[in-house]
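Structure first, then comments.
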Amino acid sequence: IQGAVDVRGVPADTFIRGMKRLSLQGHGRSVLAAMDTIEIVGGPPSPLYGMGKIGGYTNMAPKSGRAQTGSYLAQTQSFVQAVGGNYGKREISFGVGGPLTPVERFDRRGGYYVYGLVEDSDSFTAGVPVRQQVLQAAVSVDDFAGALRLEAGANYQVSRTAGALTGRLTQEL
């Protein structure tokens, strides 16, 4: 899915783990494969979050060292995936995550997860390629400082596309 997600025909607000993300108005890609869960809600968010889109919102949880049940992964898990398809679709992704064993020496539990994706595809519009690179990392540690849990992450993303307009003027442009 290119750009932002629409709910009920209206660009949706995007929340990451319950925190509102800046509205990219369709100019930033939503790499949904980098998410563990995606909650789609029709209708505006609670007024507690301020003004919201009338169509609805999405609440996404990025991949992390925590399983969908909320507990940490018991052992290291990984995957590698290659995708090919129409219009020159070429994509490869990987993920690896597991428990943070060094923190167990301090009677703490934790986990990590790293996800990466590289895409080099064409699209149904001639001269409008899709190029993107994503690298996402997350670390969680229970009882990091007293009863507080550490949730840290980083996301590196480079997306390139020509857009549909400039290719219409001249292909060289």
Checklist entry - Under the side chain to side chain contact (heavy atoms under 4.5 Å, CB included) criterion, do Val114 and Phe94 qualify, and how do the steps go? => result CA-CA 8 Å; Val114 178; Phe94 73 91; 4.2 Å; yes

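- Taking both residues in full, the closest heavy atoms of Tyr112 and Pro99 are given as CE2-O, 3.6 Å, listed atom of the first, atom of the second, then distance.
- For the residue pair Tyr115 and Ser93, the shortest heavy atom distance occurs at OH-CB, 3.7 Å.
- A donor-acceptor contact shorter than 3.5 Å links the side chain of Arg131 to the backbone of Ser121.
- Note that the CG atom of Asn155 and the CD1 atom of Ile16 stand 8.5 Å from one another [nearest 0.5 Å].
- Gln81 places no side-chain N or O within 3.5 Å of a backbone atom of Ile92 that could act as its donor or acceptor partner.
- Contact check for Pro44 versus Tyr57: no side-chain heavy atoms found under the 4.5 Å cut-off.
- Separating the CG atom in Leu73 from the OG atom in Ser64 is a distance of 7.5 Å, to the nearest 0.5 Å.
- Thr14 OG1 to Lys20 NZ: the interatomic distance, rounded to the nearest 0.5 Å, is 9.5 Å.
- Rounding to the nearest 0.5 Å gives a distance of 13.0 Å between CD of Gln75 and OG1 of Thr101.
- In this structure, Val83 is not a member of the same hydrophobic cluster as Phe79, with clusters built from ILVMFWY side-chain heavy atoms closer than 4.5 Å.
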Item to check | Stepwise side chain to side chain contact (heavy atoms under 4.5 Å, CB included) test for Gln133 and Glu119 | outcome: CA-CA 7 Å; Gln133 301 169 353; Glu119 181 179 4; over 6 Å; no

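- Panel note: side chain Arg90, backbone Gly88; a donor-acceptor pair is recorded below 3.5 Å.
- Proximity of Val141 to Arg149: side-chain heavy atoms (C-beta onward) are nowhere separated by under 4.5 Å.
- Linking ILVMFWY side-chain heavy atoms closer than 4.5 Å, directly or via other members, places Val96 and Leu100 in a single hydrophobic cluster.
- Phe144 and Phe106 are not part of a single hydrophobic cluster, where members link through side-chain heavy atoms under 4.5 Å apart.
- Rounding to the nearest 0.5 angstrom, the gap separating the CG atom in Asp142 from the CG atom in Asp107 is 12.5 Å.
- Val7 and Gly42 get closest at one heavy-atom pair: CG1-CA, 4.1 Å.
- Cluster membership for Val139 and Tyr156, using ILVMFWY side-chain heavy atoms within less than 4.5 angstrom, is shared.
- Scanning both residues, Arg17 and Pro62, for their nearest heavy atoms gives NH2-O, 3.7 Å.
- With no hydrogens or angles considered, no side-chain donor-acceptor pair links Asp36 and Tyr113 at under 3.5 Å.
- A salt bridge does not link Arg108 to Asp143: none of the charged side-chain nitrogens sits closer than 4.0 Å to a carboxylate oxygen.
- Residue-environment remark: CD1 (Ile38) exceeds the threshold of 12 foreign heavy atoms within 6.0 Å.
- Contact between Ala138 and Lys63 at its shortest, heavy atoms only, is CB-O, 3.8 Å.
- Between the side chain of Asn59 and the main chain of Glu39, no donor-acceptor pair closer than 3.5 Å is present.
- Met60 CE to Met19 CE: the interatomic distance, rounded to the nearest 0.5 Å, is 15.5 Å.
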